[in-house]
Number of protein chains: 2
Amino acid sequence: MIVRRDAGTPAGSDEPGWLDQEEAHAWVALAGVLVALPAALDAQLQRDAGISHFEYQVLAMLSMEPDRTLRMTRLAALASGSLTRLSRVVDRLDKRGWVCRQPDPTDGRSTLAVLTDAGWEKVVDPAPGHVAEVRRLIFDQLTRGQVRQLHDIGKRVLRAMGTEGLVPPT
Amino acid sequence: MIVRRDAGTPAGSDEPGWLDQEEAHAWVALAGVLVALPAALDAQLQRDAGISHFEYQVLAMLSMEPDRTLRMTRLAALASGSLTRLSRVVDRLDKRGWVCRQPDPTDGRSTLAVLTDAGWEKVVDPAPGHVAEVRRLIFDQLTRGQVRQLHDIGKRVLRAMGTEGLVPPT
DNA sequence: GTCATTAACTTGACACGGCAAGTAATAAGG
DNA sequence: CCTTATTACTTGCCGTGTCAAGTTAATGAC
């Protein structure tokens, strides 16, 4: 995104094709967060548990199922990744002994990913640190009102992208 | 990040180690934005200009220099990427004729990346569409007050990450 | 002046994710 | 039933990014 460095747009301007100063400032800040926050969270998880954020997400989603089991396609959707990516990640997690694959008895096409006991520990163990990091970087910095605003702003942007309901109910 | 699906935390709770409901909702929304917004912006640029967001960033930073020239290290910092990554990207952009490398006459170690005329067009051409997409997905969805809140929230989070001043003045 | 250190990249080997093609099992039509 | 279509994955190939090591040039110490 180009943000003009020079004097630029007069404060009152609202040509539809450009961003005014307030918008430009907000955009710069948001773009910074978009780059740095995922990197920071990934780094914390990598440091404390030797695992990527996506891998953690996969383990976490399995850990929330009563039987610690999910079909690949559904797990991919829950973790917000492609099926290919999930397949590769489950390969790795399987090799490290944190999940295993099982054939689905009710449908021979589908594969079930099951969280092992070691995998359960791998998700429970770093969770407090991960939550603490999210709290430290975000919520400790914001007022109550800003937390609510953040929720509303996020919802609106997600709605505009048509990505609101990524997580199907069941 | 684990967000409990069941009834969970009582509304007034503020155990330091967990997120209360408002925070959890805000976090879910933010996490969604963190995943979907970069993907959406990348997709738009890829569709309209056949270029990644990082490549665009590189061209855009060069386009803002008076002589369309930057040293590799500084360009990497401005585009928020590693030097290795930049080196590879400049390879590609060079092959496509949008930038070229020149030896720095004042320091034999450093390399100058220079934007060509074709590269200038490649950055000017998709800019309106890119800005329009940012406006459509974000600023058209928000009130004036929310734009200001977004700016403030972003600044606070960046400060907590120690990543506020990514762009050195000169 | 010479040698060690530092700086500024570049490059090779590897990890990761995407796309398209392949495989196997179920569902749908006639 | 038997054929065709669809679903649910998996895999080969490729592009991209990272880390560590290599290269070349400038700087500092003596």
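All chains are named by letter (A, B, ...) in the order of the sequence lines, taking the proteins before the strands, and each is independently numbered beginning at 1. Any value given below was found using the heavy atoms of this structure, including those in side chains, with hydrogens, waters and symmetry copies removed.
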Under-3.5 Å donor-acceptor pair between B:R88 side chain and D:dT18 base
yes
Could you go through B:R136 and B:E133, starting from their C-alpha distance and side-chain angles, then the distance that decides it, and tell me whether this counts as salt bridge (Lys or Arg N to Asp or Glu O under 4.0 Å)?
CA-CA 5 Å; B:R136 184 178 74 80; B:E133 186 77 351; 3.2 Å; yes
Does A:R96 form a salt bridge (Lys or Arg N to Asp or Glu O under 4.0 Å) with A:E55? I'd like the steps, not just the answer.
CA-CA 12 Å; A:R96 300 213 253 173; A:E55 290 172 324; 3.7 Å; yes
How would you label the contact of A:S52 with the nucleic acid (heavy atoms, under 4.0 Å): base, sugar-phosphate, or nothing?
nothing
Within the 4.0 Å heavy-atom criterion, would you say B:T84 contacts the bases, only the backbone, or no part of the nucleic acid?
base
Whole angstrom is fine here: how far is it from CG in B:L86 over to C1' in C:dT10?
12 Å
Among D:dG17, D:dT10, C:dC16, which is the nearest nucleotide to the side chain of A:R92?
C:dC16
Whole angstrom value for the distance that separates C1' of C:dC9 from CG of B:D94:
15 Å
Using only atom types and a distance under 3.5 Å, with no angle test, would you say the side chain of B:R101 pairs donor to acceptor with the backbone of B:T111?
no
Roughly, in whole Å, what's the span from CZ in B:R74 to P in C:dA8?
13 Å
For the pair made of CG in B:D42 and C1' in D:dT16, what is the distance, rounded to whole Å?
12 Å
For the pair made of CG in A:D107 and P in C:dT26, what is the distance, rounded to whole Å?
6 Å
Counting heavy atoms from C-beta on, name the nucleotide in C:dG18, D:dT10, C:dA8 closest to the side chain of A:M72.
D:dT10
Rounding to an integer number of Å, can you tell me how far A:R85 CZ sits from D:dT16 C1'?
14 Å
Quick check on DNA chain C: between A:G108 and B:R71, whose nearest nucleotide comes earlier from the 5' end?
B:R71
Go through D:dA26, C:dT11, D:dT10 for me and flag the one nearest to the A:L83 side chain.
D:dT10
NA contact type, A:S110, heavy-atom cut-off 4.0 Å: base, sugar-phosphate, or nothing?
sugar-phosphate
Determine, stepwise, if the pair B:E22 / A:H151 fulfils side-chain hydrogen bond (donor to acceptor under 3.5 Å, both in side chains).
CA-CA 8 Å; B:E22 283 184 342; A:H151 181 199; over 6 Å; no
Quickly work out the A:R109 CZ to D:dT6 P distance and round it to whole Å.
13 Å
Give a yes/no on whether any side-chain N or O of B:T111 is located under 4.0 angstrom from OP1 or OP2 of C:dT10.
yes
May I ask you to verify if any side-chain N or O of B:T73 is less than 4.0 angstrom from the OP1 or OP2 atom of C:dC9?
yes
Think A:S87 has a side-chain N or O under 4.0 angstrom from the OP1 or OP2 of D:dC9?
no
Just do the salt bridge (Lys or Arg N to Asp or Glu O under 4.0 Å) check on B:E23 and A:R148 with the steps written out, would you?
CA-CA 8 Å; B:E23 291 171 331; A:R148 283 189 280 266; over 6 Å; no
In whole angstroms, how far is the P atom of C:dG18 from the CD atom of B:Q46?
13 Å
